[in-house]
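I have placed the structure first, in the form of structure tokens, so that the comments after it can refer back to it.
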Amino acid sequence: MAYDRPDAPETDVNAGPAPDLAASNRDAPSRAPTPDASAPAAITLDHVSKQFARFPALRDVALAVQPGELLAVVGPSGSGKTTLLRLIAGLEFPDQGRILFGDEDVTLAKASDRRVGFVFQQYALFKHMSVARNVAFGLDVRRRDRPNRKHRDARVAELLKLVELEGLAKRYPMQLSGGQRQRVALARALAVSPRVLLLDEPFGALDATVRKSLRRELRRIHDATQVTTVFITHDQEEALELADRVVVLNQGRIEQVGVPEEILSRPATAFVAGFVGQANVFDGEVRAEVFEAAGMRLPAEGVADGPAQAYIRADQFALGDAANEDGGGLEVLVRRAPPCTGLVRLEVDLEGRLFEAALPRREGFATPAAGDRLRLKVVGGRVFSSPA
Amino acid sequence: MVSLAPDAPLTGAAPLTRRSLFRRRSAVPGFGLTLGITLLVLSLIVLIPLSSVAIKAAGMGWPDFAAAAFSTRALDAYRLSFGAALIGAGINGVFGALTAWALVRYRFPGRTLLNGLVDLPFALPTAVAGIALATLYAPNGLFGSALAKAGIKSAYSPLGVVIALTFVGLPFVVRTVEPVLRDLSTDVEEASATLGAGRLQTIARVVAPALIPAWLTGFALAFARGVGEYGSVIFIAGNMPFKTEIAPLLITMQLEQFDYASASAIAVVMLGVSFLLLFLINAIQAWSRRHEG
């Protein structure tokens, strides 16, 4: 990979005042867990920027990862999430800003000196080494404190037990399934007792079933090891299910940082609402802090008058009551009603506009079929001014 | 085992006869045809000519054979041919791998030119190469005079043979290692770095093992080429019996004296040793690929 690293203007970050992280996370109204001034964050990105050729990958990103937390970074492809992870690992270096592990400035430290565990989407196992040798690699290459054979083998056995691969120590990577390979990669990364564990779309190459079980595995392993973990995914569902906190990246900038519940219920920007919530978008107009569109009225506190868009998730609809009409009812035609479990997911038609609604299954409620007419009401959603 | 043939009996497994082994349906049909053509061509072009050499030699009887094939002159020629070919392949193994690395991993001005230069020893008539090398390395040549001042005799010595064989074998290692190196994802090197390995450790423990099968192929090809090389060597070697005479030259000389039997005897020994060495290299290669499953 060849690229130019543009000359970054010199910024004397060391001499300046403490980085104002709260300000840069302005989009997060209440960020939990709150950074404790006495305990430094496990990883601090202090206004980091990185540019590839002409294309800015990260712009002025400030982020504090708390010790022991499981942080997910989500965003569409090209949003800079992989760059963010590679900067933390020392596989790329920032043009501007600083990276700290605890109090230690590692901005210019080599990857091999950072003691990070990195798990690649394509596993990146050493094909010519057995599973055990792969896992032991980080211990075998140590120049100092190299454990003796007995300790090393014990550590490998312990890690293989942790990732539930006992008995496969002598296999070679080519003889393993994708899910097993990723477990080996995880064990290998954990072997060096990393200060942080970084996972770059770790489940991206796996099929849906394996993904699901490995997700739970990762959570279990994280809880068992308590290692500070940052993982990347383009699957917002995965991020919401797994992470303690979620960072939403878009075009190299942080859109929002927060706990999953907060990201979902109080998206800070239209992008977050659309990307993480997979929300339906309705065009309308705000007048006196009320959003109005075809058959729809929504509170729009703090939104300026003018054209606006309502972001309403599929699950933010409910069956309306014909008898008790309050003006919020949407007269819709069911276009498709595929069989499903859990919520009843419908594709419905509102005056020619198709959107998705997911209704709770209720006793005595016949599942709608294509062609049925329904009355829906909106029970949530967020309004943002239309982009100029 | 379920037969896909429409008339196959539906009950019980059909006994797997020899016939059904070859009749089995495959997504890659043409096994019989391709193998047949391969064996035919291999026989016509390689096996029959080579076996005629062996038959010719077998007709001599053991005492005559031993006299021709294991004379002191012949033994010295083998030693030079195989020794110089091994050294030449070894030199190419080191510099060919470096060249492949430079071509794959870096972008630099003149890269395309260098890429083209690598193949030149393939294209050049070897006699031309021999004459050019001999001129350069002769005691009054550009390199030869400098080496002579240092007390090293290059042309018309075994060193000259090594130089010529290094020249003709250059492309093999480069061209076999290059594609494998290009396909080797940088992921594994980055993984190695994050696990704390230094650059040299990464190259020794991660990159080199991945390249070894391809490198061995290149080494074997360069070696085989060196053993059989004739055209370029005779100009630079000096061709002194017992000293700088290669085995192929000895065979040619026997042929010129219409001593076909002796020529065949020497050829049979060369064939046998070459086959053994190449077989050994292939075995090492198969062993180094054992984990690829």
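Labels below follow one simple rule: chain letters A, B, ... track the order of the sequence lines, proteins then strands, and each chain is numbered from 1.
Minimum heavy-atom separation, B:L195 to A:V192: O-CG1, 3.9 Å. Between B:G198 and A:R143, the closest heavy-atom pair is N-NH2, 3.5 Å. Closest heavy-atom contact between B:G196 and A:V141: C-CG2, 4.0 Å. Taking all atoms of both residues into account, the shortest heavy-atom contact from B:V206 to A:H128 is O-CE1, 3.7 Å. The two atoms that bring A:S112 and B:A197 nearest to each other are CB-O, 3.5 Å, heavy atoms only.
The CZ atom of A:R142 sits 12.0 Å away from atom CD of B:Q201, with the distance rounded to the nearest 0.5 Å. For the atom pair CZ (A:F137) and OG1 (B:T202), the distance works out to 5.5 Å, reported to the nearest 0.5 Å. One finds the CD atom of B:E190 at 5.0 Å from the CZ atom of A:F120 (value rounded to the nearest 0.5 Å).
Summarising the local packing, CG of B:L35 is surrounded by more than 12 heavy atoms from other residues, nucleotides or ligands at distances under 6.0 Å. For B:F95, the CZ atom is loosely surrounded, since the number of other residues' heavy atoms within 6.0 Å does not exceed 12. Atom CZ of A:R133 has 12 or fewer neighbouring heavy atoms from other residues, nucleotides or ligands inside a 6.0 Å radius.
In terms of the salt bridge (charged side-chain N to carboxylate O under 4.0 Å, His left out) criterion, residue partners of A:R183 (sequence neighbours excluded) are, by chain and number, A:E164, A:E217.
No part of A:A191 comes within reach of chain B, as not one of its non-hydrogen atoms sits under 4.5 angstrom from that chain. Looking at A:R188, both its backbone and its side chain come within 4.5 Å of chain B, counting heavy atoms on both sides. Contact of A:L198 with chain B is not made at all, since no heavy-atom distance falls under 4.5 Å. Using a 4.5 Å cut-off between heavy atoms, A:V116 touches chain B through backbone and side chain atoms alike. Contact of B:R105 with chain A is not made at all, since no heavy-atom distance falls under 4.5 Å. For B:T194, the parts lying near chain A are the backbone and the side chain together; criterion is any non-hydrogen pair under 4.5 Å. Heavy atoms of B:S192 lying under 4.5 Å from chain A belong to its backbone as well as its side chain.
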side-chain contact (heavy atoms from CB on, under 4.5 Å) between A:D140 and B:R205, intermediate numbers included: CA-CA 10 Å; A:D140 287 340; B:R205 286 169 178 263; 3.8 Å; yes
